[in-house]
Amino acid sequence: MEYAGYSIGEYCFKKLSIGAPLDLVDQETGKYMKLMQQSQLEMAVQYLSIGRQTTLNLLGQAVEPCHLVGDKFNEVKTLPVLIESKNFFLVSLVYNAKTQLNFLFRNYAAALENSRLFEKYEEATAGFYVVSLNNFYSSISLLALYPKAEKGEQKQYLKKVLQNQKKMKKWAVHAPMNYQHKYDLVAAETARVLGQNTQAMELYDRAIAGAQKNKYTQEEALAYELAGEFYESLGKEIISQAYLTKAYYAYIRWGALAKVKDLEFRYPFLVVQTRTTETRTLDITSTTTGSTTTNGFGHFLDLSAFVKASQAITSEIVLEKLLTKLINILLENAAAQKVVLLLLKNDVLCIEATGTSGEHKVTLLPSIPVENCQDVPLSVINYVHRSQKHLVLDNATVAEPFNADAYIQKYQPKSILCLPIIYQSQRRGIIYLENALTVGAFTAERVEVFNVLVSQVAIAVENAGLYAREQEKSQQLEKSFNELQEAQLQLIQGEKMSALGNLIAGVAHEINNPLGFIAGNIEAAAEASSDLIDYLQLYQEKFPNPGDELEDKASDIDLEYLMEDLPKMISSMKSGTERIRNISTSLRTFSRADSANKVSANIHEGIDSTLMILQYRLKATDTRPAIKIIKEYGNMPAVKCYFGQLNQVFMNLVANAIDCFEESNQDRTYAEIAALPNTIAIITQVSEDSNSVVITIKDNGQGMSSEVKSKIFDHLFTTKGVGKGTGLGLSISRQIVEETHGGKLTCESVLGEGSEFAITLPLD
């Protein structure tokens, strides 16, 4: 019997939690309470009492709906006794019920306090479902208080909500019929407070649909109510009232008359519009048995259709999507079999879209002037366009003078509704609706709603036009920016090459002049030295006893060493001079001025000149051995190219590899570097199809992450420190290779292993 009592308590509590009609919950709970009292199962009686008093509060049979004080349970008297006896299971149920009631009646601070007390006493005894409900109520309460909270509190509120959402998401995965709509509603409220309005709209509707599908009437009502408050905050009164009306009737279906009265107090328009078709005042007590009532919207347009239309025209800023959505909704709900949308373009009225019922097919048209089209009655369109007033024809076939229109005579439509789209007293277009079968399909009430919708259509169309014009401006601006950026790159490249070329050419010229002088004099000095040595040798042979003075002089100048070393010095000078000459040649090769056309060039000469210029950076230092250069040159033909620009690419890639070594060597000792020396491998070859040549420059440095690799060719992107890199080198290099030469510059890199750049150049 004890466990039977617990089961009955769970059963009745679940009936309340899943949205069963409250009067039926009260009846069943009362029946089982009487049985438990007869069985003297006090624990079960108290369990049921908490649930029944909660139900009575919602039914409006309590003085204060947020306090469990009534005929069946009195928290003032009973709660202290339960706490003292450490019956925390029942204590937690009391605080859970108070959390729910305070939450429903918008006492959010009190709801959170009771939620905190629930968590204090719950101790995993109140049941999984109760815990989940508490998280649900507390999350929305936190979000309701979020806008007025301090920044620090807001951060804590969101953190708690996100923790709860994580739990709810898990529950939604395992039991979507019970939790998905709750999760969606919390997500909608989260989007609301974060200003994500479009996402909030979608989530509210998903929560409503989920609650409807699984018959959680009270949470369907709550979702409508919160959505209504959301739209009210956006200043969308019509949509707000539509949702709040839905919430009102959902609470009536649930039987929560206390909540119904709360809504009537906060939103008086609900009382005004709640009339029967005979305008009798609604007896809300009768609705709980399933009787139906029509409100002001029900006469002429289904409320959900009205809401959908309002959402469609307020949430879309792309004209094509706006027109498609609107036509579909009108076809589904407006008693129209045909819808045509016309807009004014350059003072010409043009058909932009049409839709027909059946398959609800929508066709977007390329702005066809209405005068060139036979899909609408021109007399009707012209009348509305000139008068800027709507026109309703209950039976167009007999309505003079329009029945003389060729279109009406041919197709014999019955009902026609044509409305002007007006924005700030200016004509913007026309909406044409037609029902070919029914006379009087477009009642005065429908026209009233359509006028409201069309006013929103006018605003939406204007916004869509502004958006389209801004998009066009944005695209033009982006195009101009790209052109400017390309011109900037070319200018920088040209200036860089010009400055580098002028500098190197000047240096080469300055070196070359004295080189010629030195080289010529060295030759003469060599000859003179040779003659002098010959003379001295002859002198020694002829005069074995030259005298003390000559012997002393010979000793002073170390004649024997001089005779041996002078030729070596002269030879060394010649070698150094030759090296300077090679450097000069490399500089001239590197800085070769490009003509207006490509020239045939030896790629290897360009690479060698680059390496010669960078030799000072490749040689050993006191912190590292020399950077090892491995050259694997293939047998390549001359390549038609702008040689100076290609040399710039080689310079940039090799210099970047050296920079990479300098960075990666910072934390390595000389011995560690010597054990695994810095190496740059340069490989050239003809491609397999013999249509191109491939130059590969590969290093064994630290490599790049995939994120860095994806950006290295981007304009102004650099991984170097401030003042060490411009972010232009690789961008310009790619432009030289790909745009100027029609080739390809690619990069492969493995973090910790190195990078490899491949230059592919076509053979003309």
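The basis for the numbers below is simple: all heavy atoms, side chains too, and nothing from hydrogens, waters or symmetry mates.
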Tell me whether the count of non-hydrogen atoms from other residues, nucleotides or ligands lying under 6.0 Å of CD in E237 goes above 12.
no

Heavy-atom nearest pair, L16 first then Q218, reads O-NE2, 4.3 Å

Go through the steps for S17 and L133 under the test side-chain contact (heavy atoms from CB on, under 4.5 Å), then give the verdict.
CA-CA 9 Å; S17 300; L133 283 176; 3.8 Å; yes

Could you report the tightest heavy-atom contact between Y146 and Q154, atom names first, then the distance?
O-NE2, 2.8 Å

Only pairs at least two apart or in different chains count here, so list each side-chain hydrogen bond (donor to acceptor under 3.5 Å, both in side chains) that has a residue in residues 74-91.
E75-K98

What verdict does the side-chain contact (heavy atoms from CB on, under 4.5 Å) test give for Q702 and L751, after you've listed the backbone C-alpha separation in whole Å, the side-chain angles of each residue and the deciding distance to 0.1 Å?
CA-CA 6 Å; Q702 59 188 358; L751 195 61; 5.9 Å; no

Just by distance, do the side chain of T29 and the backbone of D26 share a donor-acceptor pair under 3.5 Å?
no

Salt-bridge criterion met for E264 and K261 (N-O under 4.0 Å)
no

Any non-hydrogen side-chain atom of Y157 less than 4.5 Å from a side-chain atom of V193?
no

Enter the distance from I50:CD1 to L90:CG here, rounded to the nearest 0.5 Å.
5.0 Å

Closer than 3.5 angstrom, by distance alone: can the side chain of K182 be matched with the main-chain N or O of N178 as a donor-acceptor pair?
yes

Approximate separation, where rounding is to 0.5 Å, of N197 CG and L234 CG
5.0 Å

If you apply the rule side-chain contact (heavy atoms from CB on, under 4.5 Å), what do you find for S139 with Q165, and how did you get there?
CA-CA 8 Å; S139 293; Q165 277 187 285; 5.8 Å; no

Rounded distance [0.5 Å steps], OH in Y179 versus CH2 in W171
6.5 Å

Got L112 and L145 here, is their nearest side-chain heavy-atom distance under 4.5 Å?
yes

Grab the two heavy atoms, one from S138 and one from S115, that are nearest each other, plus how far apart they are.
CB-OG, 3.4 Å

In this structure, NZ of K711 is separated from OG of S705 (nearest 0.5 Å) by 8.5 Å

N57 side chain vs P65 backbone, donor-acceptor pair below 3.5 Å:
yes

SB check E229 R106 (cutoff 4.0 Å)
yes

For the residue pair Y121 and F88, categorise the inter-ring angle as parallel (less than 30°), tilted (30 to 60°) or perpendicular (more than 60°).
tilted

State, with a plain yes or no, whether a side-chain heavy atom of L142 is found less than 4.5 Å away from one of L158.
no

Nearest-0.5 Å distance that lies between atom NZ in K167 and atom OG in S132:
10.5 Å

If you take all heavy atoms of A223 and I208, which pair is closest and at what distance?
CB-CG1, 3.6 Å

List the steps and the verdict of ring-ring contact (aromatic ring centres under 6.0 Å, His included) for F103 and Y137.
CA-CA 6 Å; F103 166 80; Y137 300 141; 5.2 Å; yes

Flag side-chain contact, heavy atom, 4.5 Å: F269 against L244:
yes

So does V186 get a backbone contact from the side chain of T190, meaning a donor-acceptor N/O pair under 3.5 Å?
yes

Shortest non-hydrogen contact from N107 toward C66
ND2-SG, 3.1 Å

Ion pair R116/E113, N-O distance below 4.0 Å
yes

Any salt bridge linking E28 with K14? Criterion: basic side-chain nitrogen under 4.0 Å from a carboxylate oxygen.
no

If the condition is side-chain hydrogen bond (donor to acceptor under 3.5 Å, both in side chains), which residues does T54 pass it with, not counting sequence neighbours?
none

Within-4.5 Å side-chain heavy-atom neighbours: E189 and R192
yes

According to the ring pair (Phe, Tyr, Trp, His ring centres under 6.0 Å) rule, which pairs have a member within residues 191-210, sequence neighbours left out?
Y204-F230

Check the pair V94, N114 against side-chain contact (heavy atoms from CB on, under 4.5 Å), reporting the backbone distance first and the verdict last.
CA-CA 9 Å; V94 172; N114 282 284; over 6 Å; no

Cationic tip of K259 within the cone over Y248's six-membered ring, i.e. under 6.0 Å and within 45° of the normal?
no

Distance-only polar pair, side chains of E2 and Y6, donor-acceptor under 3.5 Å:
yes

Evaluate side-chain hydrogen bond (donor to acceptor under 3.5 Å, both in side chains) for Y47 paired with E42, printing each intermediate quantity in order.
CA-CA 9 Å; Y47 192 171; E42 185 61 24; over 6 Å; no

Do L48 and M36 have side chains that get closer than 4.5 Å, going by heavy atoms?
yes

Distance (rounded to the nearest 0.5 Å) between L22 CG and Q61 CD
10.5 Å

Note, L41 side chain near I8 side chain (heavy atom, < 4.5 Å):
no

Pairing of E220 and R253 as salt bridge, 4.0 angstrom limit
yes

Residues R266 and E225 bridged, charged N to O under 4.0 Å
yes

Exercise: do Q100 and N96 side chains pair donor with acceptor under 3.5 Å
no

Please step through ring-ring contact (aromatic ring centres under 6.0 Å, His included) for the pair Y231 and Y243, ending with a clear verdict.
CA-CA 9 Å; Y231 284 108; Y243 275 96; 5.1 Å; yes

Looking at A207 and L185, what are the two nearest heavy atoms and their distance?
CB-N, 3.8 Å

Specify whether W254 and Y251 have parallel, tilted or perpendicular ring planes, treating 30° as the upper limit for parallel and 60° as the lower limit for perpendicular.
tilted

Close side-chain approach of R206 to H181, heavy-atom, < 4.5 Å
no

